[in-house]
There are 2 protein chains.
Amino acid sequence: MAAAGEVPGRGPRERMVFSAAQLIRRGGVGATGMRDVAAHARAPRGSLQHYFPGGKEELVAEAVEWAGRYAARRVGRFVAGLPEPKPSALFAAMVRQWTDEFAAQGATAGCPVAAAVVDCADAGEAARTAAAAAFAAWAAPVSRALTDMGVPSARADALATLMMGAVEGALLIARAERDTRALTVVAHELGPLLDAAVERR
Amino acid sequence: MAAAGEVPGRGPRERMVFSAAQLIRRGGVGATGMRDVAAHARAPRGSLQHYFPGGKEELVAEAVEWAGRYAARRVGRFVAGLPEPKPSALFAAMVRQWTDEFAAQGATAGCPVAAAVVDCADAGEAARTAAAAAFAAWAAPVSRALTDMGVPSARADALATLMMGAVEGALLIARAERDTRALTVVAHELGPLLDAAVERR
DNA sequence: CCGCTACTATGACACTCGTCATAATCGCGG
DNA sequence: CCGCGATTATGACGAGTGTCATAGTAGCGG
């Protein structure tokens with residue numbers, strides 16, 4: 001996510017985690033080498049085994065967890081910046097994050113969490129657990145935002161899952177087609193359903 | 001997809017394509033070696049360069065195309081077997097295909113098309129094109145089924161994209177969580193929306 | 001039997017990967 | 001300056017990869 005060009009973060013460790021997420025979401029876990037991560041983060045290669053004694057599995061897991069926290073933080077910012085707090089508006093903002101990125105830099109990158117799930121053979125079991133945690137961390141603020149907007153709490157979790165799934169799936173299709181069509185279509189079709197779930201009061 | 005244990009197909013070439021799809025959807029493109037494919041297909045290793053002179057890229061692309069044709073064929077079978085032809089019933093059948101597989105063999109495998117899109121670095125440009133074609137081949141019968149059920153043709157394509165995206169995304173979440181929850185949730189939440197799109201006549 | 005084509009067998013090549021071993025360097029407290 | 005832990009540097013190793021070269025074996029028309 002983010003501008004993707006620079007490498008923020010204070011310590012070399014954080015930079016490597018960030019770079020790992022960036023590279024993973026582009027080419028997948030298997031295609032992302034440890035040497036590449038160090039180079040992308042402008043970090044010394046020797047630091048890899050120092051900061052990540054668990055090896056690649058640890059680095060990947062932490063990159064995925066970072067992505068989950070990032071997505072959660074991002075949802076909070078979306079909610080705060082909505083003109084009117086409708087579920088469809090939140091969903092549209094989530095989708096627009098990706099359409100904007102496509103417009104800016106092409107369909108070259110996807111979601112690092114999805115990459116970790118698909119590449120589970122290269123990523124190891126720890127990465128799968130981290131992916132589940134990342135999805136949970138992402139779903140929590142979405143669900144809470146929905147309840148704040150008036151969605152019954154019984155349905156909020158389900159709709160949050162639906163929103164995340166729709167975004168991830170549409171993102172896959174959009175990357176394959178090199179076109180934002182799937183993303184915009186999903187946003188347009190799902191919006192009314194989401195707004196219809198808010199209870200009148 | 002399918003039972004995944006045996007390797008059907010008449011010629012060695014078809015068996016290798018099938019095996020490639022099977023292995024890709026488990027561990028991703030990068031983790032699937034050519035030697036593994038030949039072994040899984042019980043095909044001689046020397047046949048690889050004979051049948052696929054284009055190398056791994058050709059094999060992966062063909063596996064993805066095969067997956068697209070398989071999904072399309074499967075949709076046709078779903079439509080034919082529906083008790084009553086409602087869009088929600090078709091969607092439920094698409095989802096049940098995955099929940100059944102999870103119940104039978106765990107959350108070890110996903111969609112090979114999704115794997116090819118994520119692992120685009122290992123798969124090459126040809127695989128991405130093949131993935132787009134596979135999604136298109138999959139969407140066509142879904143869209144046609146929707147129009148046959150009474151959905152206005154203007155919305156049928158959009159809803160087909162939504163259905164595919166929701167399945168793919170929920171499949172990702174379900175694999176991460178090792179639980180069919182996301183799949184069943186999506187089926188339950190999206191059903192009414194789909195049925196509401198059929199025009200009264 | 002010959003010749004030809006389709007297919008298979010096998011080993012090697014060049015390369016990359018993750019990981020480890022070992023040593024050098026830095027930054028400080030004492 | 002010494003010592004010591006934290007960090008970095010560098011090279012090597014073994015296992016894997018995809019791909020190629022070369023030879024071998026069927027199977028069949030003539």
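So that the names make sense, note that chain A is the first sequence line, chain B the second, and so on, each numbered from 1.
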Distance, rounded to the nearest Å, where [X] contributes [atom1] and [N] contributes [atom2]:
X: A:Arg35; N: C:dC20; atom1: CZ; atom2: C1'; answer: 11 Å
X: A:Glu14; N: D:dT7; atom1: CD; atom2: P; answer: 13 Å
X: B:Leu23; N: D:dG18; atom1: CG; atom2: P; answer: 11 Å
X: B:Lys56; N: D:dT19; atom1: NZ; atom2: P; answer: 8 Å
X: A:Asp36; N: C:dT19; atom1: CG; atom2: P; answer: 14 Å
X: A:Arg42; N: D:dT8; atom1: CZ; atom2: P; answer: 15 Å
X: A:Glu57; N: C:dT19; atom1: CD; atom2: C1'; answer: 14 Å
X: A:Asp122; N: C:dT19; atom1: CG; atom2: P; answer: 11 Å

Test item: side-chain donor near acceptor, A:Arg181 and B:Thr161, under 3.5 Å: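 Their side chains do contain a donor-acceptor pair, which is all the 3.5 Å distance test asks for.
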Shortest side-chain distance from A:His50, nucleotide among D:dT8, D:dT19, C:dC7: D:dT8
Per B:Tyr51 side chain, nearest of listed nucleotides D:dT8, C:dC7, D:dG18: C:dC7
N-O pairing of B:Arg178 and A:Glu125 below 4.0 Å: yes
CA sep, side-chain torsions, deciding dist, call: A:Arg25, A:Glu101, salt bridge (Lys or Arg N to Asp or Glu O under 4.0 Å): CA-CA 13 Å; A:Arg25 81 199 197 89; A:Glu101 186 175 308; 2.9 Å; yes
From B:Val151, B:Leu194, B:Asp157, B:Val198, residue fulfilling side chain to side chain contact (heavy atoms under 4.5 Å, CB included) relative to B:Leu146: B:Val151
Ring-ring centroid check B:Phe102 B:Trp98, cutoff 6.0 Å: no
Exercise: identify the closest heavy-atom pair between A:Ala123 and A:Glu57: O-CG, 3.6 Å
Please write out the pairs of protein N or O atoms and N or O atoms of nucleotides 20-28 of chain D separated by less than 3.5 Å, giving the distance to one decimal.
unit_1, atom_1, unit_2, atom_2, d
D:dA21, N6, B:Gln49, NE2, 2.7

Distance, nearest 0.5 Å, that separates NZ of A:Lys86 from CG of A:Asp195: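 CG of A:Asp195 is found 5.0 Å from NZ of A:Lys86.
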Residue closer to the 5' end of DNA chain D, A:Pro12 versus B:Gly54 (nearest nucleotide): A:Pro12
